[in-house]
Peer 1: 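Please find one structure pasted underneath; my questions will follow.
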There are 2 protein chains.
Amino acid sequence: MVEYKSTLDGIFLSLANPTRRDILRRLAPGVQTVSELADHYDLTFAAVSKHLQVLERAKLVHKRKSGREQRVELSPTGLQQADKYLEQYRKLWEEKLDRLEMFLKNDK
Amino acid sequence: MVEYKSTLDGIFLSLANPTRRDILRRLAPGVQTVSELADHYDLTFAAVSKHLQVLERAKLVHKRKSGREQRVELSPTGLQQADKYLEQYRKLWEEKLDRLEMFLKNDK
DNA sequence: TTTATATTCAACCATTTAGTTGAATACTAT
DNA sequence: ATAGTATTCAACTAAATGGTTGAATATAAA
């Protein structure tokens with residue numbers, strides 16, 4: 001696997017995959033092992049393990065070893081960075097949407 | 001090209017590429033033509049045109065024809081959807097970060 | 001100590017992505 | 001009408017992604 005130039009590359013690439021977004025969803029309530037996660041998908045264990053590697057490199061999850069298991073949990077850093085990126089555009093698109101709303105209102 | 005199952009696939013895939021993120025950045029101040037955008041990259045015109053197609057399918061930009069030119073502008077919908085997705089996790093990671101901060105404070 | 005469980009690694013394959021080049025289309029200006 | 005400009009399309013390539021299988025490793029249980 002290749003290193004990313006930008007962290008955002010890895011974060012957004014991670015989020016671009018529905019299985020990986022689903023993994024994040026399942027981790028929201030709390031820690032899960034790799035096996036527990038893998039059970040829910042019609043994929044090989046290895047495939048899920050790879051998805052977790054992608055998520056981990058992007059700092060969207062964090063793994064800690066506990067005996068022979070790996071306990072996976074959400075990591076705030078990646079999501080926070082993604083949010084920070086979008087932040088810069090938030091004012092912009094809110095303005096645009098406001099103008100659009102205004103336009104529709106005056107046009108009825 | 002293939003249709004995406006989820007809009008989020010297309011949005012996050014778009015954002016995963018640095019050239020495309022840069023295009024969005026350049027569009028923040030306002031409308032640009034395809035040529036104006038293409039000038040800034042060490043890529044063929046066709047390559048930039050393709051990037052814009054990706055962004056457009058994801059509803060991150062919007063194109064309108066004006067004579068033989070295409071005027072490209074930011075579209076609020078895509079960014080807003082990405083933001084909405086992250087929204088669900090915001091409380092979660094803020095809590096996590098708070099706990100971490102608390103922990104560090106009590107440990108000094 | 002052998003066996004079972006949890007996970008990763010390595011090698012491989014199909015599909016997608018990001019780029020190229022060259023031709024095609026559509027509009028503008030001469 | 002002709003030439004130039006703006007953009008897309010089609011065909012192709014290299015590299016990355018998402019998946020598989022089978023072997024390797026590490027820990028736990030019998």
Side-chain angles (χ1 to χ4, degrees), chain A residues 1-27 31-58 60-73 78, chain B residues 1-27 31-58 60-73 78:
Chain A
M1 294 197 189
V2 177
E3 286 304 311
Y4 293 112
K5 305 94 205 165
S6 160
T7 328
L8 288 173
D9 290 11
I11 292 170
F12 287 129
L13 184 82
S14 290
L15 295 175
N17 181 285
T19 302
R20 284 190 297 255
R21 286 199 306 276
D22 198 70
I23 289 174
L24 294 180
R25 187 180 62 75
R26 286 185 190 282
L27 288 174
V31 177
Q32 304 266 308
T33 68
V34 179
S35 301
E36 283 168 347
L37 289 168
D39 278 349
H40 296 97
Y41 305 100
D42 192 18
L43 290 176
T44 59
F45 199 95
V48 175
S49 174
K50 273 191 182 185
H51 278 306
L52 287 168
Q53 287 172 53
V54 173
L55 288 165
E56 194 176 25
R57 276 193 306 147
L60 289 164
V61 308
H62 172 260
K63 281 188 286 186
R64 89 156 43 68
K65 211 187 265 184
S66 158
R68 65 184 153 181
E69 293 180 338
Q70 289 270 23
R71 329 198 83 236
V72 187
E73 68 179 324
Chain B
M1 293 198 189
V2 177
E3 285 304 311
Y4 292 115
K5 306 91 204 167
S6 159
T7 328
L8 288 172
D9 290 11
I11 292 169
F12 287 129
L13 185 82
S14 290
L15 295 176
N17 180 286
T19 302
R20 284 191 297 257
R21 286 198 307 276
D22 198 71
I23 290 173
L24 294 180
R25 188 181 60 76
R26 285 185 191 284
L27 288 174
V31 178
Q32 303 267 308
T33 68
V34 180
S35 301
E36 283 167 347
L37 289 167
D39 278 348
H40 295 97
Y41 305 101
D42 192 17
L43 291 177
T44 59
F45 199 95
V48 174
S49 174
K50 276 191 180 182
H51 278 306
L52 287 168
Q53 287 172 52
V54 173
L55 288 165
E56 192 176 26
R57 277 193 306 147
L60 289 164
V61 308
H62 172 261
K63 280 187 288 187
R64 86 157 45 68
K65 210 187 265 182
S66 159
R68 66 185 150 180
E69 293 180 339
Q70 289 271 24
R71 327 199 84 233
V72 187
E73 68 179 325

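Chain naming here is simple, since letters A, B, ... match the order of the sequence lines and numbering starts at 1 in each.
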Peer 1: Quick one: does A/Arg71's side chain get under 4.5 Å of A/Glu36's, heavy atoms only?
Peer 2: no
Peer 1: If each of A/Thr19 and B/Glu69 is mapped to the nucleotide of DNA chain D with the nearest heavy atom, which maps nearer the 5' terminus, i.e. the 5' end?
Peer 2: B/Glu69
Peer 1: A/Asp9 CG to D/dT17 C1': how many Å, rounded?
Peer 2: 14 Å
Peer 1: Rounding to an integer number of Å, can you tell me how far B/Gln53 CD sits from C/dT17 P?
Peer 2: 13 Å
Peer 1: Does A/Arg71 reach a base, just sugar-phosphate, or nothing at all? Heavy atoms under 4.0 Å.
Peer 2: nothing
Peer 1: Whole-Å distance between C/dA6 C1' and A/Leu52 CG?
Peer 2: 13 Å
Peer 1: Could you check how far CZ of B/Phe12 sits from P of C/dT16, rounded to whole Å?
Peer 2: 21 Å
Peer 1: Is there a side-chain contact between A/Phe45 and A/Val34 (heavy atoms, below 4.5 Å)?
Peer 2: yes
Peer 1: Honestly, is B/Arg26 close enough over B/Tyr41, meaning NZ or CZ under 6.0 Å from the six-membered ring centre and within 45° of the axis?
Peer 2: yes
Peer 1: Expressed in angstrom and rounded to an integer, what is the separation of A/Leu15 atom CG from D/dT17 atom P?
Peer 2: 14 Å
Peer 1: It should be established whether A/Asn17 places a side-chain nitrogen or oxygen under 4.0 Å from OP1 or OP2 of nucleotide D/dG18.
Peer 2: yes
Peer 1: Can you list, by residue number, the residues of residues 34-48 of chain B that have a non-hydrogen atom closer than 4.0 angstrom to DNA chain D?
Peer 2: B/Val34, B/Ser35, B/Phe45, B/Ala46
Peer 1: Are the side chains of B/Leu15 and A/Leu8 in touch, meaning some heavy atoms are under 4.5 Å apart?
Peer 2: no
Peer 1: Round to the nearest Å and state the distance from A/Leu13 atom CG to C/dT16 atom C1'.
Peer 2: 12 Å
Peer 1: Considering just the side-chain nitrogens and oxygens of B/Ser49, establish if one lies under 4.0 Å of OP1 or OP2 belonging to D/dT8.
Peer 2: yes
Peer 1: Taking the side chain as every heavy atom from C-beta outward, state whether A/Leu60 and A/Arg20 have any pair of such atoms under 4.5 Å apart.
Peer 2: no
Peer 1: Please give, in whole Å, the distance from D/dG19 C1' to A/Ile23 CD1?
Peer 2: 14 Å
Peer 1: Among the candidates C/dC27, D/dA28, C/dT8, find the nucleotide nearest to the side-chain atoms of A/Gln70.
Peer 2: C/dT8
Peer 1: Does B/Lys63 put a side-chain nitrogen or oxygen below 4.0 Å from OP1 or OP2 of D/dT8?
Peer 2: yes
Peer 1: Given C/dT7, D/dT7, C/dC27, which nucleotide is nearest the side-chain atoms of B/Lys65?
Peer 2: C/dC27
Peer 1: Under 4.0 Å between a side-chain N/O of A/His51 and OP1 or OP2 of D/dG19, yes or no?
Peer 2: yes
Peer 1: Which listed nucleotide (C/dT5, D/dG18, D/dT7) is nearest to the side chain of A/Arg68?
Peer 2: C/dT5
Peer 1: Determine the sole option in A/Asp9, A/Ile23, A/Val54 for which the side-chain contact (heavy atoms from CB on, under 4.5 Å) test with A/Ser14 is passed.
Peer 2: A/Val54
Peer 1: Could you tell me whether the side chain of B/Asp22 reaches within less than 4.5 Å of the side chain of B/Thr19, counting heavy atoms only?
Peer 2: no
